[in-house]
Amino acid sequence: MYDSFPDLADFYDSVPAYATRRDVQFYVDEAKQARGSVLELGCGTGRILLPIARAGLTIDGLDASRQMLQRCEAKLRDEVDSVKGRVRLHQADVREFDLGKMFDLVIAPFRVVQHLTTVDDQVAFLGAVARHLAPDGRLSFDAFNPNFSALAAADGTEREDTPETNLPDGRSFRRAGRVKRVRWIDQVSEVELIYYTCAKPGAVANRYVQSFDMRWYLRAELEHLLARGGFQLRSIYGDFDRSSLEDASPEQIVCAERQNIVVG
């Protein structure tokens, strides 16, 4: 979905909600605690991958989007040689990848698991992770804590979430979003992000729509999925400050550990 229209990766890095998201230090700290090699699934343009590499950790990044990886590669070229030497990038699907090595920590930040809309997808993802984790290796990921009032209020209305924003090359964009439909039985929200882009000031805006499904989870389901995938839950937080998960928490941040036996 991140290759759905030209230059989406350029606009992605300028969305305020992404640039100010408070998850970076959490994952940097997770990497430091692991004291070994790191694999980031859904590394995108390097928003989290680059800070981890700057912190002195070796990290591989994997993403299905060629466009996002190209943007990450361009940013990596501006880093010092020591940081460049700690990073390897791979284009692959998080449900079926084989990098031929193992890691002490696998992370899947910013809702990666919520793009896995079926149980088969989720189990395949956990199986691929388990095959790449060293014994007692760790997995960390996040998903939003469902707000059922907001889900019930979704009416398909397009609402702006990013005001007119200028890029350094003279282009500009604004963005809106909407939930087209909530499929309650599937636990899926059908989401659209709508980008209005201009090549130069005063130009007619192009309208591009990025459509995707977002699967939402409750804690009990996450615990069952982890157990089925051969993982033991170590901790689950309600926000990136490591506060406890409560009803009103915005996030579900999972830290799990691989068990010696992986079950189907």
Side-chain angles (χ1 to χ4, degrees), residues 2 9-10 12-94 97-115 125-126 128-143 231 234-237 239-242 251-258:
Y2 288 103
D10 295 341
Y12 180 93
D13 278 337
S14 296
V15 174
Y18 301 163
T20 61
R21 187 169 163 79
R22 298 182 299 111
D23 56 351
V24 175
Q25 191 58 51
F26 175 88
Y27 285 107
V28 170
D29 290 343
E30 286 292 292
K32 289 179 177 178
Q33 291 172 22
R35 298 181 180 178
S37 57
V38 181
L39 170 62
E40 181 183 359
L41 301 177
C43 66
T45 66
R47 186 179 62 88
I48 289 174
L49 178 142
L50 291 175
I52 289 176
R54 291 177 193 135
L57 284 303
T58 299
I59 181 166
D60 285 44
L62 183 147
D63 205 287
S65 167
R66 181 69 249 164
Q67 188 180 150
M68 298 290 272
L69 288 173
Q70 287 172 341
R71 174 72 172 167
C72 186
E73 289 166 350
K75 292 162 71 174
L76 188 60
R77 287 194 288 271
D78 293 332
E79 297 289 332
V80 298
D81 289 344
S82 58
V83 171
K84 294 177 185 176
R86 298 188 192 108
V87 176
R88 296 290 182 274
L89 298 177
H90 313 271
Q91 185 176 10
D93 189 315
V94 299
F97 60 94
D98 183 2
L99 303 184
K101 58 181 177 177
M102 304 183 85
F103 301 86
D104 298 288
L105 172 69
V106 175
I107 61 173
F110 203 5
R111 322 261 192 256
V112 167
V113 299
Q114 295 194 251
H115 296 298
F125 163 80
L126 289 172
V129 170
R131 291 192 297 273
H132 287 78
L133 271 179
D136 299 321
R138 297 179 180 181
L139 166 65
S140 295
F141 64 86
D142 61 80
F231 290 86
R234 298 180 67 250
S235 52
I236 185 165
Y237 303 111
D239 209 340
F240 293 106
D241 59 3
R242 300 181 186 268
E251 306 285 345
Q252 297 181 91
I253 304 162
V254 171
C255 298
E257 187 172 78
R258 180 193 168 194

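For clarity, every value in this text was computed on a predicted model and none was experimentally measured. Scope of the values below: all heavy atoms of this structure, side chains included, with no hydrogens, waters or symmetry mates.
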Could you walk me through whether Arg54 and Val28 satisfy the side-chain contact (heavy atoms from CB on, under 4.5 Å) test, starting with their C-alpha distance in whole Å, then the side-chain angles of each, then the deciding distance to 0.1 Å, before giving a yes or no?
CA-CA 10 Å; Arg54 291 177 193 135; Val28 170; over 6 Å; no
Salt bridge (charged side-chain N to carboxylate O under 4.0 Å, His left out) partners of Asp93, counting only residues at least two apart
Arg95
Could you go through Val112 and Phe141, starting from their C-alpha distance and side-chain angles, then the distance that decides it, and tell me whether this counts as side-chain contact (heavy atoms from CB on, under 4.5 Å)?
CA-CA 8 Å; Val112 167; Phe141 64 86; over 6 Å; no
Ala92 versus Leu62, closest heavy-atom pair with distance:
O-CD2, 3.3 Å
Do any pairs count as a salt bridge (Lys or Arg N to Asp or Glu O under 4.0 Å) and have a residue in residues 102-111, sequence neighbours left out, and if so which ones?
Arg111-Asp142, Arg111-Glu251
Would you call the rings of Tyr18 and Tyr12 parallel, tilted or perpendicular, where under 30° means parallel and over 60° means perpendicular?
tilted
Check step by step if side-chain contact (heavy atoms from CB on, under 4.5 Å) holds for Phe231 and Leu133.
CA-CA 11 Å; Phe231 290 86; Leu133 271 179; 3.6 Å; yes
Do Asp60 and Lys101 touch side chain to side chain, with heavy atoms closer than 4.5 Å?
yes
Do you know which two heavy atoms are closest between Arg71 and Thr45, and how far apart they sit?
CG-CG2, 3.5 Å
Going by side chain to side chain contact (heavy atoms under 4.5 Å, CB included), name the residues that satisfy it together with Ala64, two or more places apart in sequence or in a different chain.
none
Expected output: side-chain His90 to main-chain Leu99 donor-acceptor under 3.5 Å
no
Nearest atoms (heavy-atom pairs only) where Val113 meets Ala143
CG2-CB, 4.2 Å
If I compare all heavy atoms of Tyr237 with all of Arg242, which pair ends up nearest, and what's the gap?
CD2-O, 3.3 Å
Are Cys255 and Phe26 packed together at the side-chain level, in the sense that at least one heavy-atom pair is separated by less than 4.5 angstrom?
yes
Would Gln33 and Asp29 count as a side chain to side chain donor-acceptor pair (under 3.5 Å) if you check the C-alpha gap in whole Å, the side-chain angles of each, and the deciding distance to 0.1 Å?
CA-CA 6 Å; Gln33 291 172 22; Asp29 290 343; 5.8 Å; no
Electrostatic pair Asp239:Arg22 at N-O distance under 4.0 angstrom
yes
Identify the heavy atoms of Ser140 and Glu30 that sit nearest to each other, and give their distance.
OG-OE1, 2.8 Å
Any chance you could lay out the salt bridge (charged side-chain N to carboxylate O under 4.0 Å, His left out) test for Asp98 and Arg131, step after step, and finish with the verdict?
CA-CA 8 Å; Asp98 183 2; Arg131 291 192 297 273; over 6 Å; no
Least distance between heavy atoms, Gly61 atom then Leu49 atom
CA-CD1, 3.5 Å
For the pair Asp63 (side chain) and Gly44 (backbone), establish whether a donor and an acceptor sit closer than 3.5 Å, ignoring hydrogens and angles.
yes
Would a 4.5 Å heavy-atom cut-off, applied to side chains only, mark Arg86 and Leu57 as touching?
no
Of Asp13, Leu89, Val87, the one forming a side chain to side chain contact (heavy atoms under 4.5 Å, CB included) with Cys72 is Leu89
Does the side-chain contact (heavy atoms from CB on, under 4.5 Å) test come out yes or no for Leu139 and Arg258, once each step is laid out?
CA-CA 8 Å; Leu139 166 65; Arg258 180 193 168 194; over 6 Å; no
Hey, does Arg47 have a side-chain heavy atom less than 4.5 Å from the side chain of Arg21?
yes
Close side-chain approach of Phe110 to Ile48, heavy-atom, < 4.5 Å
no
Within the distance-only criterion (no hydrogens, no angle test), does the side chain of Arg234 pair as donor or acceptor with the backbone N or O of Glu257 below 3.5 angstrom?
no
